[in-house]
Enquirer: 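What follows is a single structure, and I will ask about it in a moment.
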Amino acid sequence: MTSEIRFAVPASVPRPSRPKEPSGPVTRWLLAHRVQPEGPAGAEGHAEGHAWWKVMCLTGVDYFSTLSYLPGIAALTAGALSPVATLLIVALTLCGVLPMYRRVAAESPNGQGSVAMLERLLPFWRGKIFVLVLLGFVATSWIITITLSAADASVHVLENPFFPHFLSGHAVALTVVLLLVLGGVFLLGFTEAVVVAIPLVAVFLLLNAVVVVVGIADIVADPGALSDWTDRLTSGGSGLGGVVGPALAAFPLLVLGLSGFETGVSMMPLVEASGRTPEERLAARIRNTRALLTTAALIMSVYLIATSFITTVLIPPQEFQEGGGASGRALAYLAHERVGEGFGTAYDVSSVLILWFAGASAMAGLINIVPRYLPGYGMAPEWGRAVRPVVLVYTGISILLTLAFSADVNAQAGAYATGILAMMVSGAVAVTASAIRRRKASGVVGFGVLTLVLVYALVDNVIEKPDGITISLLFILGIVIISLVSRVTRTTELRADRIEFDETARRFITDSITHDGQLHLVANKRQAGDQAEYDAKEDEQRRMNPVPGRADILFLEIDVVDPSGFSDVLTVRGVRIDGHRVLRADSPAAPNAIAAILLALRDSTGVRPHCHFEWSEGNPLGHLFRYLLLGRGDTPPVVREIIREVEPDPARRPRIHVGG
């Protein structure tokens, strides 16, 4: 305690800039809940934790809702071999995709998903640009999921004879209303979204279970239906090619049903975790998320096998064609035909609701993953961490896309598939690289094969629907442009979460103030780092800058470690070099770090520091680009501008002296 009191500066100083508190009640409400940039505690940034099975329901509104259309897609594409194609998807799910995302959950437990794993493979700007591209695909898949699911729900409403006829011809307006209601749910909060998801999923799965049980009972009671199916199996030709060909043709389309896994890991911060220490809570969150992923995969696998079997056996093939009664709604067709019109109507209502709310899991994924990257890169405004403003932004984008596509489900299918498959390929590459790093031979082989399978599905989709990659590229271009503009406009921020001083640095500062009641710092770009360099630098500064003859001097050096970074904790270390005292820190940008340290010293010591520089040689435009890309440039004017923006009172600003 005694040694703590004698230092003029504390060990940790808060960020010197003083952000204004929201003045109005609406602004305070909008900015109330924020997504934390990193760390196990990030889950509590905007919502309380929920039991893993509850979060599974929120991810499941996307995952399980695919039962509304996947059996029909399988039957239309693979014909009588639909159950075989579905078995391939189930095998891929349980033996490939599930282990892949269980590994992602372990290595990226704070909601960043496979994007964070790939980011670590590429340093500096390459990693940031790569993440922006991946986020473009993420935005494509999840925003299109929101718009496509709402449009699909509208189609189910308009095609059902029991819904009001006055809605006919108003698909776009109905879809926009559904999107506005979805956004409104998220403006209320994550808890409300989870509460809505639980009954939707429970009722939908229960109704599907009834259809499955009735369908299997009808097949058992009518052997002729089974024999008709086997006849169709043999009529298409024999041999391995006759079986594998149609199954592979259906495979890329059926892979789309696996989109819920990425949203599952992106919502890890919502999963409740107990424990006494942060490490214990993090381990519990990983276990609970793995339970979520495994349970969802097992439930979906059972339903996929059962529903593809009963729909293929019981529904005439012509009904799956466009305009047929089972087109896009195979299980709803069976619900009406086999269980009764009243039950079928209840099934339609449940399908409409879960398809509408399928966008909720995508919205939750976007809210959790994008703010963990862009604001931290300086590539989005700081309010981009707040939940409610980004909900408004995503809802607005979704409405614009709905108007652009006229709420046409088929027009959005290519972009939907491209985004989802690109995300899954990135996940497979990430876990393969992880297996290589951990020297797990079985993982390298298994995940490598999975990567090839998913790449095949992605390439096939791009060839079949090239408009999907075009839309994805537009999303990527938009994110890159917005990110770079934001990064440029935020360059003069302090970019330090807080400033920490080690004991040696605190002693240097205290001794310097004790010497003459002032703080004189000389900025130095270290070369040899020996006594001769510091002797020459001190002599030069005393000659060309107004450094009082008896003034005590501290050298200040900033090592730019990763100029593509934006903000972090700024740690100042004290180093003694042959009688010279040096304050050193690592930072993404030298001018911002110097400004932050000077302001922190002023605030913590009450002394207005003086910082002495030498003019930089070279073209000013070149200095600007070096500063933006490399974190260095013509440092003195940038330091002064940062201080001027932070401190409006000239009498309180640290003094900047430049000579040479």
Side-chain angles (χ1 to χ4, degrees), residues 65-94 152 155-156 159 208 211-212 214-258 300-338 351 409-410 413-414 416-417 421 453-454 456-461 463-465:
S65 69
T66 58
L67 289 172
S68 296
Y69 53 83
L70 273 183
I73 291 176
L76 183 63
T77 310
L81 286 167
S82 169
V84 178
T86 304
L87 282 174
L88 286 178
I89 291 298
V90 169
L92 178 72
T93 300
L94 299 180
D152 202 10
V155 169
H156 278 69
E159 290 184 352
N208 276 281
V211 175
V212 167
V214 171
I216 292 176
D218 288 349
I219 292 173
V220 172
D222 182 13
L226 195 59
S227 62
D228 288 343
W229 175 58
T230 56
D231 290 342
R232 284 189 285 134
L233 277 176
T234 56
S235 64
S238 58
L240 184 62
V243 175
V244 174
L248 288 179
F251 176 78
L253 293 175
L254 298 183
V255 165
L256 302 182
L258 302 177
M300 192 62 174
S301 296
V302 171
Y303 271 102
L304 280 177
I305 293 171
T307 56
S308 67
F309 176 68
I310 63 172
T311 53
T312 305
V313 173
L314 294 176
I315 300 176
Q318 64 272 15
E319 295 293 341
F320 291 108
Q321 301 299 319
E322 186 175 353
S327 177
R329 53 192 304 271
L331 289 172
Y333 177 91
L334 286 182
H336 282 276
E337 292 291 320
R338 298 285 171 167
S351 296
V409 174
N410 293 327
Y416 174 71
L421 289 170
V453 170
L454 294 175
Y456 155 73
L458 176 60
V459 172
D460 180 83
N461 176 78
I463 294 173
E464 289 293 321
K465 298 180 178 180

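Just so it is clear, the values below take in all heavy atoms, side chains as well, and ignore hydrogens, waters and symmetry mates. Note that the coordinates shown come from a computational prediction; the quantities given were computed from them, not determined experimentally. Residue indices begin at 1 and follow the sequence shown.
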Enquirer: Would you say Met300 and Val90 make side-chain contact, with heavy atoms under 4.5 Å?
Expert: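 Not touching, per the 4.5 Å side-chain cut-off.
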
Enquirer: Do Pro83 and Trp229 come within less than 4.5 Å of each other through their side chains, counting heavy atoms only?
Expert: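 In contact.
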
Enquirer: Of all the heavy-atom pairs spanning Ala225 and Val313, show the shortest one and how long it is.
Expert: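 So the minimum-distance heavy-atom pair works out to O-CG1, 3.6 Å.
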
Enquirer: Compare all side-chain heavy atoms of Leu454 with those of Leu458 and state whether any distance is below 4.5 angstrom.
Expert: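 A side-chain contact is absent here, since even the closest heavy-atom pair is not under 4.5 Å.
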
Enquirer: Using the rule side-chain contact (heavy atoms from CB on, under 4.5 Å), only one of Asp218, Ile315, Ile219, Ile305 pairs with Ile310; which is it?
Expert: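 Passing option: Ile219.
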
Enquirer: Give me the atom names and distance for the closest heavy-atom approach of Leu421 to Ala457.
Expert: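 The answer is CD1-O, 3.6 Å.
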
Enquirer: Looking at CZ of Phe320 and OG1 of Thr311, how far apart are the two atoms once the value is rounded to the nearest 0.5 Å?
Expert: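 Phe320 CZ to Thr311 OG1: 5.0 Å, rounded to 0.5 Å.
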
Enquirer: Hey, mind stepping through Leu314 and Arg338 against side-chain contact (heavy atoms from CB on, under 4.5 Å) and telling me if it holds?
Expert: CA-CA 10 Å; Leu314 294 176; Arg338 298 285 171 167; 3.7 Å; yes

Enquirer: Rounded to the nearest 0.5 Å, what separation is found between the CG atom of Leu88 and the CG atom of Leu92?
Expert: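 Interatomic distance, Leu88 CG to Leu92 CG, rounded to 0.5 Å: 8.5 Å.
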
Enquirer: Measuring from atom CG of Leu304 to atom OG1 of Thr93, what distance do you get when rounded to the nearest 0.5 angstrom?
Expert: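 Interatomic distance, Leu304 CG to Thr93 OG1, rounded to 0.5 Å: 7.0 Å.
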
Enquirer: Between Thr86 and Ser82, is there a donor-acceptor pair closer than 3.5 Å when you use the side chain of the first and the backbone of the second?
Expert: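 Here the side-chain-to-backbone pair exists.
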
Enquirer: Should Phe309 and Leu226 count as side-chain neighbours, where that means a heavy-atom distance under 4.5 Å?
Expert: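 Yes, close enough: below the 4.5 Å cut-off.
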
Enquirer: Is the backbone of Thr312 close enough, under 3.5 Å, to the side chain of Arg232 for a donor and an acceptor to pair up by distance?
Expert: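 It does hold such a pair.
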
Enquirer: Just verifying a value: how many Å separate Ser68 OG and Asn208 CG, rounded to the nearest 0.5 Å?
Expert: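 Output value for this atom pair is 7.0 Å.
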
Enquirer: How long is the gap from OG on Ser308 to CG on Leu81, to the nearest 0.5 Å?
Expert: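 Answer rounded to 0.5 Å: 11.0 Å.
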
Enquirer: If you look at every heavy atom in Leu67 and Pro71, which pair is closest and at what distance?
Expert: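 Taking Leu67 first and Pro71 second, the nearest heavy atoms are O-CD, 3.3 Å.
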
Enquirer: Could you check whether any side-chain heavy atom of Ser301 comes within less than 4.5 Å of a side-chain heavy atom of Leu94, counting everything from C-beta outward?
Expert: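 In short, these two side chains touch, coming nearer than 4.5 Å.
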
